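One structure is given below, encoded as structure tokens.
From a predicted model like this one, the values you see are computed outputs, not experimental measurements. Counting convention: from 1, in listed order, for ligands and their atoms alike.
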Amino acid sequence: MRIAVLGGGISGTALARLLAGDGHDAVVLEKTERAGGLCQSSRFGEFTFDRAGGHILFSRDQRVLDWQLARCGGEAGTVKTVRNTKIRWHDRWVPYPFENGVGHLPQAAIVECVAGYVEAYAGRRAGAPCPANFHDWVLWRMGEGFAQHFMLPYNRKIWECDLHRLSSGWVAGRVPEAPIEDILKSAIGVDTEGYTHQSVFWFPREGGFETLVRGTVEGGGFELRTGVAIERVERRGTQFAVDGEAFDLVVNTVPLPQIADAIAEIPEPIRADIRQLRPISLVNLMIGVRLDEPLPPLSWIYLPFPEQGPTNRVTYFSNYSPTNAPAGHGSFLAEVTHRGDLKPDAAWAREVVAALGRAGILVPENVVLLEWCDNEFAYIDQDLEFAARIARVREWFDHSGYVTFGRFGRYEYHNSDQCIARAMQVAEHIRQIASTGEPARPAFE
Ligand SMILES: Cc1cc2nc3c(=O)[nH]c(=O)nc-3n(C[C@H](O)[C@H](O)[C@H](O)COP(=O)(O)OP(=O)(O)OC[C@H]3O[C@@H](n4cnc5c(N)ncnc54)[C@H](O)[C@@H]3O)c2cc1C
């Protein structure tokens, strides 16, 4: 089959590689000059940085992890790291997840956290229903102490809104849920490990996270066209046309609001839903520093408090691979989310760095490189109407003959490994269409 894949991020390129492996003629159409999307990296002198914040290779799905590592040159091509993440809690370093690190707080805060957790635990045991909004979910799940000392300030920073407006639906599996035994152990000083599926991770030795996409494109057996502005996608009988060129099938991975205008047959109510699928944007500051002494062996840290500046997370990027920064230097990524209202400039960037200096993360005078990248589509704004809205959009696509997937192609809160798992599902779906010739059932039933 001849298949058009719209968008050349990891979703689009992984799918095209799988399709080519099955003998299909796959063409990836990418708007920008290079494949990669959110996985792109950039080189500045001898520094390499990821453009959309800190990315790591990990997966709960061994088949997908093996696939990712193979694209990055296997063991020799990657650096394996034992995760070491912390929260910068005022002047302390508290291990992450916060519930597992509670024993590192001052005594009064430990008591507030544990008392609140026990109260919330008892409430749930007594049948308190799971709240629909995220603010109340935090109190219901973790209690007042954990909420005030980390969860609420941190989440207000990253989501940039009143947390009552957000749905609690996205939380499962994302916000670590520690068993009560772990919290009690941690409170009396016995360290416990949370979020264990991510306790070891990998990173490409050379070229930043984009190496994953380059390794997917190279030898992939498909055609990648870059700099393509898609204007019209439509069905013609049993076939499809993309700007007049004929294909047997079209698979979309482009963020839906960026492609909806081109797909002629989307009905107006679905278009209206797509217009409401708003992203949270991310400015990623790329910071190179001269080092007087090696960086602490941290992977990344969370910054929950306003006095630490607008950054919510800092990645100790040169710790991921020694090739990310030149000798005698280190590098950081500082992530700042916004809702389209931030216009970063040099003065703003220097203020962010100054706040990181005050928080004890880096020495501003030692900064030798400061760049930034604004990513419009970074996180999903999961407000209270999101679930119903995206269900209608997916329903339409799944019965339209088009396939759509990807972080913003389907608005699933997916990391690259889950995008690849989805690509594998789509490839299997297309295998079935090709072998039976039957009209497709939805790929994601
Ligand atoms: C802060 C942050 C941290 C993350 N950390 C991790 C991590 O540690 N590990 C991990 O695995 N994942 C991580 N992710 C997730 C990962 O970046 C995404 O899951 C993945 O990159 C999504 O790939 P995609 O191809 O679905 O979408 P995208 O990368 O968004 O690709 C979509 C592509 O479509 C193109 N496009 C847009 N409009 C058009 C058009 N009109 N025509 C043609 N092409 C178009 C874009 O240029 C882009 O190349 C993180 C994401 C963020 C934001």
Are Y402 and E265 close enough that a side-chain donor and a side-chain acceptor fall under 3.5 Å?
yes
Ligand 1 atoms in contact with T32 (distance to a heavy atom under 4.0 Å):
47 (O)
Nearest heavy atom to atom 10 (C) of ligand 1, choosing from P257, S416, S11, belongs to S416
Which protein heavy atom lies closest to atom 53 (C) of ligand 1, and at what distance to 0.1 Å?
A378 O, 3.5 Å
Point-to-point distance, once rounded to the nearest 0.5 Å, from CD of Q382 to CD of E385
12.5 Å
Determine, considering heavy atoms only, which of R407, Q418, R410 sits nearest to atom 52 (C) of ligand 1.
R407
Once you restrict to heavy atoms under 4.0 Å, what part of H414 touches ligand 1? Side chain, backbone, both or neither.
backbone
Interfacing atoms of ligand 1 (cut-off 4.0 Å, heavy-atom, E335):
1 (C)
Can you pull out the closest protein heavy atom to atom 13 (C) of ligand 1? Residue, atom name and distance to 0.1 Å, please.
N415 OD1, 3.0 Å
Closest protein heavy atom to atom 44 (N) of ligand 1, given as residue, atom name and distance to 0.1 Å
K31 N, 3.2 Å
Looking only at the side chains, is there a donor atom on one of Q425 and R422 sitting less than 3.5 Å from an acceptor on the other?
yes
Please write down residue, atom name and distance for the protein heavy atom closest to atom 34 (O) of ligand 1.
G7 CA, 3.6 Å
Does a donor on one side chain and an acceptor on the other come within less than 3.5 Å for S41 and D50?
yes
Among all the protein's non-hydrogen atoms, which is closest to atom 29 (O) of ligand 1, and how far away is it?
L38 N, 2.8 Å
Establish, yes or no, whether the cationic atom of R71 lies under 6.0 Å from the six-membered ring centre of W67 and within 45° of the ring axis.
yes
In terms of residue, atom name and distance, what is the protein heavy atom nearest to atom 31 (O) of ligand 1?
G9 CA, 3.6 Å
Under 4.0 Å from a heavy atom of G406: which atoms of ligand 1 are those, numbered in the order shown and with their elements?
26 (O)
Among non-hydrogen protein atoms, atom 21 (O) of ligand 1 lies closest to C39 SG, 3.3 Å
Between F222 and D25, is there a side-chain heavy-atom distance shorter than 4.5 Å?
no
Counting from 1 in the order shown, the ligand 1 atoms closer than 4.0 Å to a non-hydrogen atom of I230 are 42 (N), 43 (C)
Pair Y320 + F203: ring centers closer than 6.0 Å:
yes
F247-F240 aromatic ring centre distance below 6.0 Å:
no
Distance below 4.0 Å between atom 27 (O) of ligand 1 and any protein heavy atom?
no
Is the shortest heavy-atom distance from the side chain of H338 to the side chain of D374 under 4.5 Å?
yes
Can you check which of T253, V242, I56 brings a heavy atom nearest to atom 9 (N) of ligand 1?
I56
Mind checking whether F317 and W300 have ring centres under 6.0 Å apart?
no
Does some non-hydrogen atom of F405 fall short of 4.0 Å from ligand 1?
no
Where ligand 1 meets L282 - atom numbers and elements under 4.0 angstrom, heavy-atom basis
1 (C)
Taking only non-hydrogen atoms of C419 and a 4.0 Å limit, the atoms of ligand 1 in range are 19 (O), 22 (C), 26 (O)
Check for me whether V254 has a heavy atom closer than 4.0 Å to any atom of ligand 1.
yes
Of E30, H55, R34, the one whose closest heavy atom lies nearest atom 46 (C) of ligand 1 is E30
among protein heavy atoms, the one nearest atom 2 (C) of ligand 1 is A52 O, 3.5 Å
Spell out, as yes or no, whether a donor-acceptor pair under 3.5 Å connects the side chain of R232 to the backbone of D261.
no
Less than 4.0 Å is my threshold; does some heavy atom of G54 fall inside it relative to ligand 1?
yes
Counting only heavy atoms closer than 4.0 Å, does ligand 1 sit against the backbone of F408, its side chain, both, or neither?
neither
Within a distance under 4.0 Å of any heavy atom of G37, pick out the atoms of ligand 1 and give their elements.
29 (O), 48 (C), 49 (O)
Is there side-chain contact between W202 and T81, with heavy atoms separated by less than 4.5 Å?
no
Looking at Y413, Y379, F377, which one forms a ring pair (Phe, Tyr, Trp, His ring centres under 6.0 Å) with F408?
F377
Can you tell which part of L29 has a heavy atom less than 4.0 Å from ligand 1: side chain, backbone, both or neither?
backbone
State which residue, out of W159, F386, Y411, W137, fulfils the ring pair (Phe, Tyr, Trp, His ring centres under 6.0 Å) condition with W170.
W159
Side chain or backbone of I10 under 4.0 Å from ligand 1, or both, or neither, by non-hydrogen atoms?
both
Taking the six-membered ring where the residue is Trp, are the ring centres of W89 and H149 under 6.0 Å apart?
yes
Looking just at side-chain N and O atoms, do N415 and H55 make a donor-acceptor pair shorter than 3.5 Å?
no
